[in-house]
Amino acid sequence: MDQTSTGRRQAFDTQVYEIVRAIPTGMVMSYGMIGALIPPPLGMDGGAFEKVRARWVGYAMSGCPDDVPWHRVVNSTGRVSARPGYGGMKQRALLEQEGVQFDERGRIRLEDHRWIPSAAWLARRGLLDAQS
DNA sequence: TCCTTGACTCAGA
DNA sequence: CTCTGAGCCAAGG
């Protein structure tokens, strides 16, 4: 892969989509969890990457392809992130339709719906940075 | 080129 | 539990 800023972003985005596409129905992952599974781009300090990966996942999701189940990605507190355009209502409705439970404060029980890919699944795609 | 925002998180108060 | 500010990078005006 090339090392230009654009090229790295493109590679990162691709990995994000690959992971999100694998989230099973009724399960969710947070931006941070997804970012933690992707290794730092070549030439980038691992510590610096930790600080921005969650946001990068958000960027990637803002332009995700139609076949990516974007509604299965929520923030670390278990709530759907507000954003212009689509109301959080739509995302919540899609999740409830899949059987995801929300409490009275609009939070998802992450303990019950958090999806964690198996080591074998990650290894198969070269995503071995499951640390942190 | 400078400045503002942003589908995030975490530590503090 | 809620609210702020900081940290860090990229994209758009």
Side-chain angles (χ1 to χ4, degrees):
Chain A
M1 329 202 148
D2 69 71
Q3 296 179 12
T4 65
S5 172
T6 310
R8 279 185 289 157
R9 273 311 305 269
Q10 215 162 41
F12 179 87
D13 291 356
T14 299
Q15 298 182 94
V16 169
Y17 302 148
E18 195 162 16
I19 293 172
V20 177
R21 269 193 277 255
I23 302 176
T25 299
M27 291 290 158
V28 301
M29 281 185 88
S30 73
Y31 302 88
M33 287 168 63
I34 294 170
L37 298 177
I38 302 174
L42 227 59
M44 178 177 230
D45 176 61
F49 179 62
E50 270 185 50
K51 301 295 185 182
V52 300
R53 60 194 186 189
R55 255 188 163 160
W56 281 17
V57 172
Y59 272 114
M61 293 311 291
S62 71
C64 74
D66 294 327
D67 63 319
V68 174
W70 56 271
H71 59 285
R72 297 186 189 139
V73 183
V74 298
N75 60 37
S76 66
T77 68
R79 286 187 238 215
V80 299
S81 294
R83 61 178 171 294
Y86 292 133
M89 292 301 289
K90 179 173 182 178
Q91 180 170 14
R92 173 168 176 163
L94 285 171
L95 288 173
E96 294 185 310
Q97 192 177 305
E98 297 184 350
V100 175
Q101 305 286 330
F102 284 77
D103 64 18
E104 49 298 321
R105 294 213 197 87
R107 280 186 321 179
I108 293 174
R109 286 191 185 186
L110 286 179
E111 320 81 58
D112 300 330
H113 299 287
R114 167 174 38 203
W115 182 65
I116 299 176
S118 69
W121 189 92
L122 293 172
R124 202 179 309 144
R125 333 228 156 198
L127 301 175
L128 303 171
D129 186 68
Q131 49 200 322
S132 80

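- The side chain to side chain contact (heavy atoms under 4.5 Å, CB included) search around A/Ser62 returns none, not counting sequence neighbours.
- One finds a side-chain N or O of A/Ser76 lying less than 4.0 angstrom from the OP1 or OP2 phosphate oxygen of B/dT9.
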N/O to N/O distances under 3.5 Å, protein versus nucleotides 10-12 of chain C:
{"unit_1": "C/dA10", "atom_1": "N3", "unit_2": "A/Tyr59", "atom_2": "OH", "d": "3.2"}

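- Spacing between atom CE of A/Met33 and atom P of B/dC10 amounts to 11 Å, rounded to whole angstrom units.
- A/Ile19 places a side-chain heavy atom less than 4.5 Å from the side chain of A/Trp121.
- The side chain to side chain contact (heavy atoms under 4.5 Å, CB included) search around A/Ala93 returns none, not counting sequence neighbours.
- Atom-to-atom, CD1 of A/Ile34 to C1' of B/dA7 comes out at 11 Å; the value is rounded to the nearest Å.
- Contact annotation: A/Ser30 does not reach the phosphate of B/dC8 (side-chain N/O to OP1 or OP2, under 4.0 Å).
- The CZ atom of A/Phe49 sits 16 Å away from the P atom of B/dC8 (whole-angstrom rounding).
- Taking atom CE of A/Met29 as the reference point, atom C1' of B/dC8 lies 15 Å away to the nearest angstrom.
- Under the 4.5 Å side-chain heavy-atom criterion for Ile, Leu, Val, Met, Phe, Trp and Tyr, A/Leu110 and A/Leu37 are members of distinct hydrophobic clusters.
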Might you list the N or O atoms of the protein lying below 3.5 Å from N or O atoms in nucleotides 2-4 of chain C, with each pair's distance?
{"unit_1": "C/dT2", "atom_1": "OP2", "unit_2": "A/Arg79", "atom_2": "NH2", "d": "3.2"}

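- Atom pair A/Asn75:CG and B/dC10:C1' shows a separation of 13 Å (rounding to whole Å applied).
- A/Ile23 and A/Val28 fall into different hydrophobic clusters, where Ile, Leu, Val, Met, Phe, Trp and Tyr residues are linked whenever their side-chain heavy atoms come under 4.5 Å apart, directly or through other members.
- Looking at residues two or more places apart in sequence or on another chain, you find a side chain to side chain contact (heavy atoms under 4.5 Å, CB included) between A/Asn75 and A/Tyr31, A/Thr77, A/Arg79, A/Ser81.
- Of all heavy-atom pairs spanning A/Asp13 and A/Ala60, the tightest one is OD1-CB, 3.3 Å.
- Under the salt bridge (charged side-chain N to carboxylate O under 4.0 Å, His left out) criterion, the residue pairs touching residues 14-26 of chain A are A/Glu18-A/Arg125, A/Arg21-A/Asp67, with sequence neighbours excluded.
- Going from atom CD1 of A/Ile38 over to atom P of B/dC8 covers 16 Å, rounded to whole Å.
- Rounded to an integer number of Å, the gap from A/Met61 CE to B/dT9 C1' is 17 Å.
- For A/Lys51, counting side-chain heavy atoms from C-beta on, the closest listed nucleotide (B/dA7, B/dT9, C/dC8) is C/dC8.
- A/Val73 places none of its side-chain heavy atoms less than 4.5 Å from the side chain of A/Val16.
- The nearest whole Å value for the distance from the OH atom in A/Tyr31 to the P atom in B/dC10 is 14 Å.
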